[in-house]
Amino acid sequence: MPGSDDEDFELSTREKKRRKKHSKKHSKKEKKKSKSSSTKKRPRPIKSSSDDDFHSAPKQKNGKRSVAKPPTQLKKLEKTDRLNYAMQAFLWWEAPEPRPGCQWDTMEHAGVSFPEPYVPHGVKMLYDGEPMDLTAAEEEAATFFAAMDQDGMHLGNPKTAPIFIKNFFADFRSVLGRKHVIKNFDKCDFGAIRKHLNEQKMIKKAITEREKAVRKDVKNDALYKFGYCLVDGHLEKVGNYNMEPPGTFRGRGEHPKMGKLKQRVLPEQVFINVSECVGVPPCSVDGHAWGDVRHDPCVMWLGQWKENINNQVKYMQLAAQSSFKGKSDRSKYNKAAKLCAFIGKIRKAYKSKLKAKELEDRQLATAMWVIDRLALRVGGEKDTEEEADTVGCCSLRVEHLHFDPNEEGDDNCEIELEFLGKDSMLFKQTIDFGATMYTENNGMGEEVYKNFVKFVKNKKKTDEVFDTLTPSSLNSHLKELMEGLTAKVFRTFNASLTLQEELRKTEQSGSWKTLSAAEKVVEYNNANREVAILCNHQKTVSKAQENQLENIGNKLETLKHQKKVLKSILIRHAKGDKEVPLKKPEKELKEAADQAILNAKRMKEEAKTDEDKIKATHADEEAKQQRREATQSKFIQAHLWDKVPTKEQVCKRITLWTTKIAKMEMNLKHRDDNKEVSLGTSKINYMDPRITVAWCKRNEVPIEKIFSKTLRDKFNWAMSVPPNLEFNAELAK
DNA sequence: AAGTGTACTTAGGACCCCCGCC
DNA sequence: GGCGGGGGTCCTAAGTACACTT
């Protein structure tokens, strides 16, 4: 595939195939859209515009070229839309399977896109007060550090900051070379570079609409060139076609390697996977070539390279909405559904082993219970010299178990599990193994508790609880119970089943039928939240969010105070006292703020130099702050009047404030409940989408209210299920 | 049987942009 | 009509699983 770099990569033969699909689907959609069209029988309604546009730049959106067309012309779609139609045309779940063991027969793509080379800014860091002359590579490394947020999750955390700095400085010094004067981090001052970067941000903020459009076009050009892949004649979206740029490694938690320099990856380090018959995509960097070209139809990756931090392979793959991912997603959910038929047998099997003589059997049974009931991950072994110290089921250590955490005495069956899981997210739950939820219906809570007591006996804090188990031994046992069963299937299974049960509860409530779609969505999110809690999907509350929460809290306090004042006014009224507090003039503040905003806007428009742009952004930020203050002062006396109010006015306002307070309290509670729970992860990865689709259909909730466009594309295979669908073993057939 | 390598899924945070609210 | 917050997307780290090697 020779094709020059300037054009969208050539699609000669595949283009024909694509168009076939494209026009089919497209014509359907178009017919719907253009009822007025008199040319219904036109075989390929958008043929002409589509054909000559596919290769041309996307800039001519509003098509000056279409001057001569009749008024009945169809709406001209943007290139992205047309490509989307082309992709949607392929219903892989209705198409024949590829050869066994293979993912594809032919695959063609444009390879990886690389970031621009580093352009030095010339701003000097100080060492011991002296400005330093650095080479481009040295300056780049210094700039990576300067770009780090001082209050962020790495440098803002006193536990991780020293690790980050130590690693960064070691790598920085090796870039500088041994003889360089820079030897001590404490004498380094990156302030000037940091200031420069902030200024660049300011300049970027002062961008005009036109510049914005240009930027978007450039981005789209890259998307059209690299973002699509042709698999067996079908257009598919590529997930990550941009090579990861160099920078500092941002490992999570207490990752021992955080701060190390992540090197720039050259084309020579990249392997490309394409089919033999289509030719190799040209390397997009002048004077460079791919490290290797493979033709392996057994794998789904399009490109791979090794990163220098952990020496791990990274891949370029198709996007989540592609057929490859869709197929494996569907089979994942089918496997989980299949577990419905086996779960009874499996629970019986591990119940009988909970009291086995062999320690290994007991541990196996106990671990199975943990994975099944607590939805823990399997927990592979980790090297704490190389990675953060996080654990899962098999790697749990004695120190992660706290018996009788509330010091209620020996006769309770409570254990607090406290450990860092994947991504160093804290798992902290007290499990009462004697509670009904773990004992009813063959829950086995008490037996499991006894086993835990036994397993930790005479062990050191740092010993593993399940010392006889490994993920692979556990998984090979699971394979004996059900074909293809592994530990992670339990998470999918439990998440999906929980969603189904919680959703069923919603439908059974008395007032369900009277709820609006929006109210039903709230109920769906509540069900979703139960799943997220089960899977321990969390998000850390950022400082901004915390502030926001605090602000709402303060506002609430103000409202409550205002209500009190209103009541006191009412009392004074009754006494005939006309001395009530009145509004102070606030107009001036507001007007000044408005004026400042106008000024800033003008500055932005008139800005020519970078300096002007920085000034404009500053002015804009200050003006906005001024306006916030004006709004704030308005809010503080919003309950008052300009002149003495009547009794009715006061009464009315008290009622209004009561509803305001109630509303805000709800809002606050809602935010507080959700601030640490992340609903997205379970929606994307764990809950069978067919359950959601069926629920939406049964309850006349538009699917758009639950699944975003990307999710609807990702789950396109699940959209046609019947409204009465149940998540059970039938699905797997 | 443990170690190593490969390929894939799962994950949270940063950032951006759009839509509902004032 | 403007703006701020939140949803959505992007980014890439961090898991699981399993084949293959030693």
Side-chain angles (χ1 to χ4, degrees), chain A residues 103 149 152-154 201 204-205 212 215-216 219 239-245 247 249-253 255 257-258 262 271 273 296 298-301 304 306-307 309-320 324-325 328-329 331-332 377-383 386-388 390-395 420-425 470-476 478-479 484-489 491-492 495 532 535-542 544-545 548 551-552 594 597-598 601 620 623-624 627-628 631 634 671 674 676 678-686 707-711 714:
Chain A
Q103 310 273 0
D149 180 359
M153 63 184 287
H154 297 99
K201 266 188 204 162
K204 211 178 151 191
K205 269 188 193 166
K212 223 181 203 172
R215 235 184 22 206
K216 199 178 168 190
K219 203 182 154 202
N240 52 331
Y241 54 84
N242 285 324
M243 173 52 67
E244 296 176 12
F249 174 70
R250 288 139 132 100
R252 314 215 177 113
H255 198 296
K257 292 190 175 180
M258 67 165 62
K262 204 172 119 162
F271 301 169
N273 194 28
D296 186 356
C298 304
V299 294
M300 20 170 137
W301 56 265
Q304 66 157 264
K306 244 186 189 172
E307 48 89 30
I309 304 291
N310 297 299
N311 210 27
Q312 279 168 349
V313 182
K314 297 229 174 179
Y315 299 89
M316 172 165 92
Q317 292 182 315
L318 291 186
F324 289 176
K325 300 286 183 185
S328 46
D329 225 27
S331 82
K332 171 184 79 184
R377 296 184 187 82
V378 68
E381 210 180 328
K382 291 184 80 182
D383 180 352
E386 305 279 313
E387 307 162 275
T390 64
V391 299
C393 178
C394 291
S395 47
L420 297 180
K422 182 176 176 179
D423 288 302
S424 294
M425 297 314 283
T470 66
S472 80
S473 72
L474 200 147
N475 277 335
S476 60
L478 292 175
K479 290 240 145 36
L485 186 61
T486 63
K488 82 186 191 65
V489 179
R491 271 169 82 82
T492 317
C535 296
N536 200 40
H537 291 143
Q538 299 177 339
K539 57 178 187 228
T540 5
V541 191
S542 70
Q545 284 168 309
Q548 231 180 65
N551 280 343
I552 299 179
D594 284 349
I597 283 186
L598 282 177
K601 204 177 167 187
D620 190 51
K624 277 177 184 163
R627 194 179 48 193
R628 270 194 290 273
T631 317
K634 196 179 165 191
R671 278 174 192 247
N674 284 307
E676 287 174 323
S678 163
L679 303 188
T681 309
S682 48
K683 212 187 234 182
I684 296 165
N685 299 300
Y686 284 105
F707 286 159
S708 66
K709 173 82 174 73
T710 14
L711 274 189
K714 173 178 156 87

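The sequence lines fix the lettering, A, B, ..., with proteins before strands; numbering per chain opens at 1.
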J.: Closest nucleotide of DNA chain B for A/V313 versus for A/D149: which of these residues is on the 5' side?
T.: A/V313
J.: Classify A/Q312 by what it touches in the nucleic acid, base, sugar-phosphate, or nothing, heavy-atom distance under 4.0 Å.
T.: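 Since no nucleic acid heavy atom lies under 4.0 Å of A/Q312, the category is nothing.
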J.: Which is true for A/K306 with a 4.0 Å heavy-atom rule: it touches a base, it touches only sugar-phosphate, or it touches nothing?
T.: nothing
J.: What nucleic acid atoms does A/T470 come within less than 4.0 Å of, heavy atoms only: base, sugar-phosphate, or nothing?
T.: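 Counting heavy atoms under 4.0 Å across all strands, no contact is made by A/T470.
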J.: Please report the distance, rounded to the nearest Å, between CD in A/E307 and P in C/dC11.
T.: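 In whole Å, C/dC11 P lies 18 Å from A/E307 CD.
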J.: Please give, in whole Å, the distance from B/dA14 C1' to A/E244 CD?
T.: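 It is 15 Å, rounded to the nearest whole Å.
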J.: Under 4.5 Å between any side-chain heavy atoms of A/F249 and A/H255, yes or no?
T.: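 Yes; the side chains approach each other to less than 4.5 Å.
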J.: A/H154 versus A/R250: any side-chain heavy-atom pair under 4.5 Å?
T.: yes
J.: Quick one: is B/dA11 close enough that its OP1 or OP2 comes under 4.0 Å of any side-chain N or O from A/H537?
T.: yes
J.: Which residues pass the side-chain contact (heavy atoms from CB on, under 4.5 Å) test with A/S473, not counting sequence neighbours?
T.: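 With sequence neighbours excluded, A/S473 shows a side-chain contact (heavy atoms from CB on, under 4.5 Å) to A/L469, A/T470, given in chain and number order.
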J.: Both A/D329 and A/W301 contact DNA chain B. Which one's nearest nucleotide lies toward the 5' end?
T.: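 Here A/W301 is the residue nearer the 5' end.
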J.: Whole-Å distance between B/dT10 P and A/Y315 OH?
T.: 16 Å
J.: Polar atoms only, N or O, under 3.5 Å: list the protein pairs with nucleotides 15-17 of chain C and their distances.
T.:
from: C/dG15; atom 1: OP1; to: A/K382; atom 2: NZ; distance (Å): 3.4
from: C/dG15; atom 1: OP1; to: A/T390; atom 2: OG1; distance (Å): 2.8
from: C/dG15; atom 1: OP1; to: A/D423; atom 2: N; distance (Å): 3.1
from: C/dG15; atom 1: OP2; to: A/K382; atom 2: NZ; distance (Å): 2.3
from: C/dT16; atom 1: OP1; to: A/V378; atom 2: N; distance (Å): 3.4
from: C/dT16; atom 1: OP1; to: A/G379; atom 2: N; distance (Å): 2.6
from: C/dT16; atom 1: OP2; to: A/G380; atom 2: N; distance (Å): 3.1
from: C/dA17; atom 1: OP1; to: A/T486; atom 2: OG1; distance (Å): 2.8
from: C/dA17; atom 1: OP1; to: A/A487; atom 2: N; distance (Å): 3.2
from: C/dA17; atom 1: OP1; to: A/K488; atom 2: N; distance (Å): 2.8
from: C/dA17; atom 1: OP2; to: A/N475; atom 2: ND2; distance (Å): 2.8

J.: Is the side chain of A/K306 donor-acceptor paired with the backbone N or O of A/Q312 at a distance under 3.5 Å, no angle test?
T.: no
J.: Both A/L485 and A/M243 contact DNA chain C. Taking the nearest nucleotide for each, which residue is further toward the 5' end?
T.: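 Here A/M243 is the residue nearer the 5' end.
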J.: Measure the distance from CG on A/N311 to C1' on B/dT4 and round it to the nearest whole Å.
T.: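 Rounded to the whole Å, the gap is 12 Å.
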J.: Over how many whole Å does the gap from A/L318 atom CG to B/dA7 atom C1' extend?
T.: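 From A/L318 CG to B/dA7 C1': 14 Å.
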J.: Quick check for you: among B/dA11, C/dT12, B/dT6, whose closest atom lies nearest to any side-chain atom of A/R491?
T.: B/dA11
J.: Where the side chain of A/V299 is concerned, which of C/dT12, B/dA11, B/dC8 is the nearest nucleotide?
T.: B/dC8
J.: Listed by chain and number, what are the side-chain hydrogen bond (donor to acceptor under 3.5 Å, both in side chains) partners of A/Y241, not counting sequence neighbours?
T.: none
J.: With respect to the phosphate group of B/dA7, does any side-chain polar atom (N or O) of A/K314 fall under 4.0 Å of OP1 or OP2?
T.: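 Answer is no, no contact under 4.0 Å.
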J.: Nearest whole angstrom, please: distance from the C1' of C/dC10 to the NZ of A/K714.
T.: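 The distance from NZ of A/K714 to C1' of C/dC10 comes to 15 Å, rounded to the nearest Å.
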J.: Going by the rule salt bridge (Lys or Arg N to Asp or Glu O under 4.0 Å), which residues pair with A/K262 if we only count those two or more places apart in sequence or in a different chain?
T.: A/E244
J.: Classify A/Q103 by what it touches in the nucleic acid, base, sugar-phosphate, or nothing, heavy-atom distance under 4.0 Å.
T.: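 Sugar-phosphate contact only - A/Q103 comes under 4.0 Å of backbone atoms but never of a base.
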J.: Could you list the residues that satisfy salt bridge (Lys or Arg N to Asp or Glu O under 4.0 Å) with A/K257, not counting sequence neighbours?
T.: A/E386
J.: CD of A/E386 versus P of B/dT4: gap in Å, rounded?
T.: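 After rounding, the reported distance stands at 11 Å.
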J.: Under the rule for salt bridge (Lys or Arg N to Asp or Glu O under 4.0 Å), what residues qualify as partners of A/R252, not counting sequence neighbours?
T.: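 With sequence neighbours excluded, A/R252 shows a salt bridge (Lys or Arg N to Asp or Glu O under 4.0 Å) to A/D423, given in chain and number order.
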J.: Mapping A/G484 and A/S708 to their closest nucleotides on DNA chain C, which lands nearer the 5' end?
T.: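 Taking each residue's closest nucleotide, the earlier one in sequence belongs to A/S708.
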J.: Does A/Q304 make a side-chain N or O approach to OP1 or OP2 of B/dT6 shorter than 4.0 Å?
T.: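 The answer is no; no side-chain N or O of A/Q304 sits under 4.0 Å from OP1 or OP2.
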J.: Can you give me the N/O atom pairs linking the protein to nucleotides 16-19 of chain B at distances under 3.5 Å, or say none if there are none?
T.:
none

J.: With sequence neighbours excluded, tell me which residues meet side-chain hydrogen bond (donor to acceptor under 3.5 Å, both in side chains) with A/N242.
T.: none
J.: Please name all residues satisfying salt bridge (Lys or Arg N to Asp or Glu O under 4.0 Å) with A/K332, sequence neighbours left out, ordered by chain then number.
T.: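 Result, salt bridge (Lys or Arg N to Asp or Glu O under 4.0 Å) vs A/K332: A/D329.
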J.: Rounded to the nearest Å, what distance is computed from the NZ atom of residue A/K325 to the C1' atom of nucleotide B/dT10?
T.: 11 Å
J.: Measure the shortest side-chain to side-chain distance between A/C394 and A/L474 over non-hydrogen atoms and say whether it is less than 4.5 angstrom.
T.: yes
J.: Base, sugar-phosphate alone, or nothing: which one does A/Y686 contact when heavy atoms must sit under 4.0 Å apart?
T.: sugar-phosphate
J.: Under 4.0 Å between a side-chain N/O of A/H255 and OP1 or OP2 of C/dA13, yes or no?
T.: no
